[in-house]
Each structure stands twice: as C-alpha cells, then as structure tokens.
Amino acid sequence: MASITEYYAGKSVLITGATGFMGKVLVEKLLWSCPDVKALYILVRPKAGQTMEQRVSHMMKCKLFDRVREANPDFHKKIIPISSELTQPGLSISPEDVEKLSACINIVFHCAATIRFDEPLKHALQLNVIATQELLSLAQRMHHLEAFIHISTAYANCNRKHIDEVIYPPPVEPKKLIESLEWMDDGIVQDITPRLIGDRPNTYTYTKALAEYVVQQEQDKLNIGIIRPSIVGASWQEPFPGWIDNFNGPSGVFIAAGKGILQKNKRIWRKTPKTTLVYNCTSGGINPFHWGEIEHHVISSFKRNPLEQAFRRPNANITSNYLINQYWILVSHKFPALIYDLFLRLCGQKPQMMRIFNRLHKAIGLLEYFSSQDWEWNSDNISMLMSQLTPEDRTMFNFDVRQLNWPEYIENYCIGTKKYVLNEDMSDIPAARQHLRKLRNIRYTFNTLLVVFIWRVFIARSQMARNIWYFVVNLCFKFLSYFRASSTLTN
Ligand SMILES: CCCCCCCCCCCCCCCCCC(=O)SCCNC(=O)CCNC(=O)[C@H](O)C(C)(C)COP(=O)(O)OP(=O)(O)OC[C@H]1O[C@@H](n2cnc3c(N)ncnc32)[C@H](O)[C@@H]1OP(=O)(O)O
Ligand SMILES: NC(=O)C1=CN([C@@H]2O[C@H](COP(=O)(O)OP(=O)(O)OC[C@H]3O[C@@H](n4cnc5c(N)ncnc54)[C@H](OP(=O)(O)O)[C@@H]3O)[C@@H](O)[C@H]2O)C=CC1
C-alpha cells in the first residue's frame, strides 16, 4: 500500500477556504509532508481592498509557512490561486479556469464556510449549502477526481446527544428551503429563522447539517469523505505548537480571561463501510478534558505568561447559578467597565470597556449552548483510519489525540494567542508580570479601604457593631498584654 506522501506525489489538489484558519494549515501540511504534490489550486476572492494575488502573497509570508519556506523557497510556485466568489453562480470561476480544473484536479478539499453563529440564514444557506452544491457540480466535471473531502462540524447534529458517523436525515429538504427562501425578503426570513432551525442553536449548525445531506446525494458519483472536527484550537505540534490566528471557538474567551476582563462565567462542562465515509474528529471520548480543568490551566498559564496591559489579573471563576452569574456580571464586569470608561472620558479618551464587555457577553451567550452540554460522538472510523496507517504515516500525520498532554497543549495555546493573535512580544513578559503585581496591590488596597469604609459606616450607625468592635479591640489588647507578660517572664 502506498504511503500518504506517495499517494499525493504528482497529484493536483483543489482547496476552498485556503485563506481561512483550517485551510492555511492544510496547505502548509500538504506542502511539508507531501513535497511531491504537483499543485495546490486554491479558490480565493479579493477582499478588504486586496486583490486575490496580494492576499495569497500575504498569506504565504505568514509565520505558519516558515518551515516550508526554509525547505523550499520556491514553494509558492505550487500554489495556484483561482479567482472565485463562492456566493456567486458557478462560484464565479472563469470558463478557462473551469476547464483547467476539470482537466487536472485529483482531490478536492472543501473547507470554505461561514462559521459565524449569528449569520443571517439566507447568507449561511448561500455559502454553506448552495456553494457546496455548486462545487459538487464542478467536481463531477473533473475527469481525474479521486476524492471529494467535505469539512463539516461535529456539531452539525448537535440536536442529538449521541452522534454516529453517519449522515442523519436533514431537518428539511435543502432544495425546497432554497426555493422558498428565494422569494422571501430578509425580514421575513429573519422572523421564521428560529422556527426553521428548531432545536439547533444557530444557522451555522443548521446549514452545515443541510450541506452534509447535499454532499451525500452525490455519493453514487463521487468518492466522498466528510470530516467533522469538534472545536479546533491552536496547533498541537505542527508546524510548531500553539499556532492560532483568530478569536473563534474558545480562543476569544481565553484571551478575555488572560486580559482579566472575564471574571466570572456561566458553568461550562466537559465537551467531551459506506460510499460516504464520515469521520467524527473529537477528543472527548478518548482523551477527555473538562472545561473546569481548561479554566484552571488557562488562568495559571496566563499568570505565568501574562498578556500586556491586562485590565485585571487573569480570572474566570465558573458558576452555574443564574443569579450569582448576573450579580458577578454587574459587580465584576459592568461596574468596573463604567468606572474605567469614566476615567477614559476624564482623560479625554474614547470610552471602550463597556463596548468590549458587551461584545464579550454576546460571544459568551452564543458559545454557551456548546459549553454547557455534553455530547457523545462515535469515532470508529477515525480508529479504523488510524489502524490502516503505516507506522511512518502514523508519525508523519499524527492525529492520535490520546498522546495529547492537555496542560502542555493549553500552555502553548495561551502563548499562541499572545504571540500570533495579539502580536505581543514574549520579551515583554517581565513588564506584564510587573503590571499584574501592580494590579494585585491596587486590588488589595481597594479591598482594604472598602472594608474599613463599610466598617466605619456600620460603627457610626449601629450600637451592636460598636459593641462588637470594642469587644474585638479589647480582646486584642488582652492578647497583647498576655503576650508581653509571658515574654518578660521567659527572659
Ligand atoms: C478561561 C475560560 C475557560 C473556559 C472557556 C470556555 C469557552 C467555551 C467555548 C466553547 C466553544 C464552543 C465552540 C463550538 C464550536 C463549534 C465548532 C465549529 O464548528 S466552527 C467554529 C466556531 N465558530 C466560531 O467560533 C464563530 C463565533 N463567532 C461569531 O459568531 C462572531 O464573531 C460573534 C457573533 C461572536 C461576534 O460577532 P461581532 O460582534 O460582529 O464581531 P466580529 O466577529 O465581526 O469581530 C469584530 C472584531 O472583533 C474581533 N474580535 C472578535 N472576538 C473577539 C474577542 N473575543 N476579543 C477581542 N476581539 C475580538 C475580531 O477579530 C474583529 O476584528 P477586526 O477583524 O474587525 O479587526
Ligand atoms: N474552526 C473551527 O473550530 C472549526 C471549523 N470547522 C469547519 O472547518 C472549515 C474551515 O473553518 P475555519 O478555517 O475555522 O473558518 P475561517 O472562517 O477561518 O475560514 C473560512 C474560509 O472560507 C472562505 N470563504 C468564506 N466566504 C467565502 C466566499 N463567499 N467566497 C470564497 N471564499 C469564502 C474564507 O475566505 P476569505 O478569507 O476570503 O474570507 C476562508 O478562507 C469550515 O467548513 C468549518 O465549518 C469545523 C469545526 C470546527
């Protein structure tokens, strides 16, 4: 049997979403571990004032590609960008490019998607479902296609508690939904979205479930693999530990905790042979790690490697009680944010803390569905795949999460958010630690002053408080006199 590296030798691969988080990692891994791959065709759109070419050249300068660049400075020659806007008919690929792709592509990886949890249904449907249909049509025109790999999510069927590696019946026939949404204006679609998505939390998981069904419909014509990752965080080992470039999933919450703007949070739990092969890529069943443990390691990691200019010391205590949670949001988030914004105003600066907290609460609210429940994923196909690999491939393409050391991983993850998301320098750590010590001293001083103030108010107003105070002071004096007397006797 050929090794994976041998399999890819001389092959042409088409990748959608190559400019995204997972797509970039895939491109890097193929270039590194399959150096004889013939070409990687990537579908890219112009964006944010940058042309397709500028975006690709910028992407290839990313630190992620350091080892590939070192091994082969001409690696960019293997990356062939194809202009494409996935929401347009025919993916807006030019006829010449369609011809080119039809003639040469051997493997397709479909990574592109909108992963926003608040995406309007029409747009999520357009990108996650209709674009997938369009890509499948294109794939059928490819004369040498060997596999179509669709990246889904382990949460596509999050309305179920036990999830097997099968395609479940879709919540609605995608074709019918597409037809009916076509004539509706955005307002109506927004109104009926909660009814349509039913027991799923957002349009993302809903449209990803529809996309799986759409892909499955082509199983007689194509060799299909559906990959369902759960939560993808920073890189584990390759190309180096801790690479991450976005705030998605738990990353934004980790950063918020590190910056000290997440003091209390709602209870979060552990997440714990066919023509179409589905792979549930999850770790909960084989190497579980609880959200509570993650919290502990994130906080201690950020205490060792603090983020710059933290608002407060890293913290994120977990509570399941709604009222306590609301209390802490008020006392620990809104009140300090108001004071800080007032301070900024007085200094002639723009207030920003309240805006940051509001955004954070919105994000936490959207993530809560996933962090507060448990799912059980069957991962037999993943185990089967692992058992079929040669020992060399198992090392080169290691996805055995049993070997993952969570505390070490979380440490690298937190450092990764500092270095690659916030672009902070590791040499600033002593100054950041000094800043944390200053924050701790401010907190101690503030708490002491607060206690003294409250006590003074009590003493002024209550006879009982005065009596207690005199009793305690008296006790202290007696203790001191006893201590003095006994030390004089010993001498
Ligand atoms: C210590 C605690 C330990 C416990 C932790 C527990 C955490 C629980 C987490 C559970 C995670 C579960 C995830 C489930 C994943 C499903 C997996 C998938 O399939 S798919 C993957 C899952 N998909 C997702 O995760 C997507 C979830 N995200 C969303 O849906 C949206 O971002 C949003 C609705 C949350 C905010 O929308 P909106 O308000 O419109 O804001 P925009 O997005 O437009 O960003 C505007 C700007 O702000 C920037 N920025 C963003 N966040 C932060 C931050 N935290 N801070 C600072 N900045 C942040 C952002 O870069 C941007 O900057 P720029 O480009 O302008 O310069
Ligand atoms: N990240 C995670 O935790 C998980 C991700 N997944 C799945 O993995 C896949 C990749 O996710 P991830 O890399 O995190 O997502 P990103 O948001 O980082 O990347 C999305 C990619 O899709 C492209 N894209 C979006 N809209 C269009 C469009 N209209 N036309 C052309 N390209 C477009 C983006 O291009 P551009 O740069 O131009 O915007 C980008 O390359 C998705 O299918 C997602 O469902 C599954 C489970 C977990």
Is the side chain of [X] donor-acceptor paired with the backbone N or O of [Y] at a distance under 3.5 Å, no angle test?
X: Lys303; Y: Arg313; value: no
X: Arg45; Y: Leu86; value: no
X: Asp185; Y: Ile188; value: yes
X: Gln54; Y: Thr51; value: yes
X: Lys24; Y: Met59; value: no
X: Asn280; Y: Thr282; value: no
X: Asn246; Y: Asn248; value: yes
X: Glu85; Y: Ser92; value: no
X: Thr203; Y: Glu119; value: yes
X: Thr5; Y: Ser33; value: yes

Practice problem: Kindly indicate, with the supporting measurements, whether the criterion salt bridge (Lys or Arg N to Asp or Glu O under 4.0 Å) is fulfilled by Asp186 and Lys122. | Solution: CA-CA 8 Å; Asp186 294 349; Lys122 252 190 185 178; 3.7 Å; yes
Exercise. Just do the side chain to side chain contact (heavy atoms under 4.5 Å, CB included) check on Asp66 and Val68 with the steps written out, would you?
Key: CA-CA 6 Å; Asp66 277 3; Val68 171; over 6 Å; no
Quiz item: With ring centroids as reference points, do Trp32 and Tyr8 lie under 6.0 angstrom apart?
Solution: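 No; Tyr8 has its ring centre 6.0 Å or more from that of Trp32.
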Exercise. Compute the centroid of each ring, for Tyr279 and then for Phe399, and state whether the two points are separated by less than 6.0 Å.
Key: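 They do not qualify: ring centres at least 6.0 Å apart.
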Decide yes or no for [X] and [Y]: does some side-chain heavy atom of the first lie under 4.5 Å from some side-chain heavy atom of the second?
X: Lys63; Y: Lys419; value: no
X: Asp400; Y: Arg394; value: no
X: Pro201; Y: Phe370; value: yes
X: Pro46; Y: Arg55; value: no
X: Ser251; Y: Phe21; value: no
X: Thr193; Y: Tyr206; value: no
X: Glu308; Y: Lys418; value: yes
X: Lys221; Y: Leu136; value: no

Quiz item: Which residue, Tyr409, Phe302, Phe289, forms the ring pair (Phe, Tyr, Trp, His ring centres under 6.0 Å) with His297?
Solution: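 Among Tyr409, Phe302, Phe289, the one that satisfies the ring pair (Phe, Tyr, Trp, His ring centres under 6.0 Å) with His297 is Phe289.
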Quiz item: After noting the C-alpha distance and the side-chain angles of Glu238 and Arg67, does the key distance pass the side chain to side chain contact (heavy atoms under 4.5 Å, CB included) rule?
Solution: CA-CA 10 Å; Glu238 288 189 63; Arg67 67 173 181 179; 2.8 Å; yes
Spacing of [atom1] belonging to [X] relative to [atom2] belonging to [Y], to within rounding of 0.5 Å:
X: Ile15; Y: Met22; atom1: CD1; atom2: CE; value: 12.0 Å
X: Arg304; Y: Ile299; atom1: CZ; atom2: CD1; value: 11.5 Å
X: Leu14; Y: Phe148; atom1: CG; atom2: CZ; value: 8.5 Å
X: Ile107; Y: Leu40; atom1: CD1; atom2: CG; value: 9.5 Å
X: Asn305; Y: Asp428; atom1: CG; atom2: CG; value: 12.5 Å
X: Ile415; Y: Ile244; atom1: CD1; atom2: CD1; value: 14.0 Å

Quiz prompt | Lys/Arg cation over aromatic Phe397: Lys29, 6.0 Å, 45° cone | solution =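 Geometry flag: set, cation within 6.0 Å and 45°.
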Self-check item: Cationic tip of Lys100 above Tyr41 ring, under 6.0 Å, 45° of axis
Solution: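 No, cation not above the ring by the 6.0 Å, 45° rule.
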Exercise. Please assess Phe247 against Arg359 for the test side chain to side chain contact (heavy atoms under 4.5 Å, CB included), listing each intermediate value before the final yes or no.
Key: CA-CA 12 Å; Phe247 291 96; Arg359 176 179 283 171; over 6 Å; no
Does atom [atom1] ([X]) have a neighbourhood of more than 12 heavy atoms from anything else shown, all under 6.0 Å?
X: Glu70; atom1: CD; value: no
X: Gln88; atom1: CD; value: yes
X: His58; atom1: NE2; value: no
X: Arg345; atom1: CZ; value: no

When [X] is tested against each of [options] for side chain to side chain contact (heavy atoms under 4.5 Å, CB included), which residue passes?
X: Ser84; options: Leu138, Ile93, Leu135; value: Ile93
X: Arg228; options: Ile382, Asn157, Ile151; value: Asn157
X: Met142; options: Asn106, Leu222, Val108; value: Val108

Closest non-hydrogen atom pair between [X] and [Y], with its separation:
X: Val215; Y: Ile224; result: O-CD1, 3.1 Å
X: Cys158; Y: Arg200; result: SG-CG, 4.4 Å
X: Ala310; Y: Gly258; result: CB-O, 4.1 Å
X: Ile163; Y: Arg160; result: CD1-O, 3.8 Å
X: Val172; Y: Leu210; result: O-CD2, 3.4 Å
X: Val278; Y: Glu165; result: O-CB, 3.3 Å

Exercise. Show your reasoning for whether ring pair (Phe, Tyr, Trp, His ring centres under 6.0 Å) applies to Phe240 and Tyr420.
Key: CA-CA 12 Å; Phe240 48 85; Tyr420 313 117; 5.4 Å; yes
Quiz item: Would you call the rings of Tyr369 and Trp375 parallel, tilted or perpendicular, where under 30° means parallel and over 60° means perpendicular?
Solution: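 Rings of Tyr369 and Trp375: tilted, as their planes differ by 30° to 60°.
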Quiz item: With no hydrogens and no angle check, do the side chains of Thr276 and Gln219 hold a donor and an acceptor under 3.5 Å apart?
Solution: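 Result is yes, a qualifying pair exists.
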Practice problem: Go through Arg141 and Glu99 one step at a time and tell me if the salt bridge (Lys or Arg N to Asp or Glu O under 4.0 Å) criterion holds. | Solution: CA-CA 9 Å; Arg141 297 177 60 174; Glu99 282 311 309; 3.7 Å; yes
Quiz item: Between Leu389 and Ile4, does a side chain to side chain contact (heavy atoms under 4.5 Å, CB included) hold up when you go through it step by step?
Solution: CA-CA 9 Å; Leu389 294 185; Ile4 297 176; 3.8 Å; yes
